[in-house]
2 protein chains.
Amino acid sequence: MNVHDIIKHGSDYFLPNLSIDLVIIGYHEHKLKCLLLKIGDKWILPGGHIKIDESLDVAVKRILKFRTGLEEPYMKFLAIFGDKDRKFDKDFKQFFEDKGIPWGEDYWINNRFITLTFYSLVDIDNTQPVLGEFDEAFEWFDFDDLPDMWLDHKSIVNSARNRLKEDVKYEQITYNLLPEQFTMPQLHQLHQTILEEKVDRSRFQKKIIATGLLERLSLLNKDSPGRNPYQYTLRKRDS
Amino acid sequence: MNVHDIIKHGSDYFLPNLSIDLVIIGYHEHKLKCLLLKIGDKWILPGGHIKIDESLDVAVKRILKFRTGLEEPYMKFLAIFGDKDRKFDKDFKQFFEDKGIPWGEDYWINNRFITLTFYSLVDIDNTQPVLGEFDEAFEWFDFDDLPDMWLDHKSIVNSARNRLKEDVKYEQITYNLLPEQFTMPQLHQLHQTILEEKVDRSRFQKKIIATGLLERLSLLNKDSPGRNPYQYTLRKRDS
DNA sequence: CCAAAAGTGTTCGTCGTACACCCATGT
DNA sequence: ACATGGGTGTACGACGAACACTTTTGG
């Protein structure tokens, strides 16, 4: 099956009214980032569809792996978007006409889709984004500086950002945004960025260490002034 | 459109691969209950499908209202069940053959469905369940004493029960399980039932009152021994 | 030696816990 | 009067918040 066939007859391969959109979140230089793809002059969330004979969780992992190259990324259900007027027809018409690609009202791609959204936390430096057939570029955008996006995709991104803020309070999930080895100041700064507020260093460190989830490694040699921080890594499960 | 037409050609009216299942939860005599429908010799969760030109939230409210008669029930998203082998074909074949109703492999009802599940909290005494075309009976089942159910419906019910336990810790939602006016001992007992553990009366009362969400009304006249409890009701929003 | 960064300690207040005590009602 | 059930108060401890202090490094 080729891409132009899918645009037209996607229902032959995929569940016809469902789509999956991913908010892939990274962290770089004290900023939360989100991976977007450029189609035409606007940006879009990476996503895909569920094969007719494919379980949902398999589909999500397949799409996520395809987009990031990661084997076991952290991933969590975000929300459903099911409005009846949620269609991409006008945007696609514009795009395909600009590109000189055939387009028709009855193409599958113009269907009304119910979208299942997931968010994923990744280490940017360990991620190799992959472009789809129509994607002209990818870019990690700052959450506070999003470009023009298709339809309601900007609000999906923002709901993921708010959701992350909520989840961090109850779950230990932020390690996924950092390299395998990281320092406490790094983790501390990350939490402050996510929560958008100051967090007491002393208390933070004690709380994190008290969970027993981290393993303290050797000191990191910096070349900047100040004491060298310890490095930490997520403790193995079976220990 | 009649029901036999829908079984066969449902895709003409509904999104073809999506279904909605509802875990409708009530509370009676210190027990959490769940509304189930009898089809054949097994029980099933009330549910329905999304019309082709209908928003998801409208669909859920429509189905919930149809099943309970309630205008504005409390409702919350639970989970998605999207396994590829999730089909009802064998059960339906059995049922329709027993009933002498025509059945064919290619009927819509045999599709693979991705199921969106929601849970709802209702006041049992204020709820009038409605039977669908094939439903032989409805009944409020104790969570600890569920009957034989279709497919994975029993596990859906159990995940709703666990979810409720989690949600109660962070949200004030339990009022929906009680009549409009209730007493503090009632609410206290309800929380103990949901959490399946003892809760200190004194602390509970102080915490609830401190939220400022409740309005204290007149005393309730009991005919049992002991002091008369105050009645409470949920304070109006705009006050 | 000093500034900067990392790590640890101390004090204080708030809130959850457990329990005791007081109040009202039917028998 | 007393058992039963409902409402409130108190003493204790754990934990979060704020801030101070010590340790290590580069310049």
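Quick note on labels: first sequence line is chain A, next is B, and so on, each numbered from 1.
Looking at heavy-atom distances under 4.0 Å, Ser224(A) makes contact with sugar-phosphate atoms alone, never a base. Contacts of Lys206(B) with the nucleic acid, taken as non-hydrogen atoms under 4.0 Å apart, include base atoms.
Rounded to a whole Å, the CD atom of Gln186(B) is 13 Å from the C1' atom of dG6(D). We find that CZ of Arg203(B) is positioned 19 Å from P of dT14(C), with the value rounded to whole Å. Rounded to whole Å, the distance from NZ on Lys222(B) to C1' on dT27(C) is 13 Å. Counting to the nearest Å, the P atom of dT17(C) and the NZ atom of Lys207(B) are 7 Å from each other. One can place CG of Asn228(B) at 12 Å from C1' of dC23(C), the figure rounded to the nearest angstrom. One can place CG of Asn221(A) at 17 Å from P of dA5(C), the figure rounded to the nearest angstrom. Per the geometry, CG belonging to Asp223(B) stands 8 Å off P belonging to dT27(C), to the nearest Å. Distance CD1 (Ile208(B)) to P (dG7(D)): 13 Å, rounded to an integer number of Å.
Listed nucleotides: dT25(C), dG7(C), dG7(D). Nearest to the side chain of Arg201(A): dG7(C). Looking at the side chain of Arg216(A), the nearest of the listed nucleotides dT24(D), dT8(C), dC23(C) is dT8(C). The side chain of Ser202(B) has dG9(D) as its nearest neighbour among dG9(D), dG6(D), dG7(C). Comparing atom distances between the Pro225(B) side chain and each of dT25(C), dG6(D), dA6(C) picks out dT25(C) as nearest. The Arg227(B) side chain lies nearest to dG7(D) when the options are dA18(C), dG7(D), dA6(C).
Each of Arg62(B), Lys65(B), Lys61(B) was scored for a salt bridge (Lys or Arg N to Asp or Glu O under 4.0 Å) with Glu71(B), with one residue passing: Lys65(B).
Relative ring orientation between Phe182(A) and Tyr175(A) is described as parallel, the plane-to-plane angle staying below 30° on a 0-90° scale split at 30° and 60°.
No more than 12 heavy-atom neighbours from other residues, nucleotides or ligands sit within 6.0 angstrom of CD on Glu72(B). The environment of Lys165(A) atom NZ is dense: over 12 non-hydrogen atoms of other residues, nucleotides or ligands sit within 6.0 angstrom. The number of heavy atoms from other shown groups lying within 6.0 Å of NZ (Lys31(B)) does not exceed 12.
Taking only side-chain nitrogens and oxygens, Gln205(A) comes nearer than 4.0 Å to OP1 or OP2 of dT8(C).
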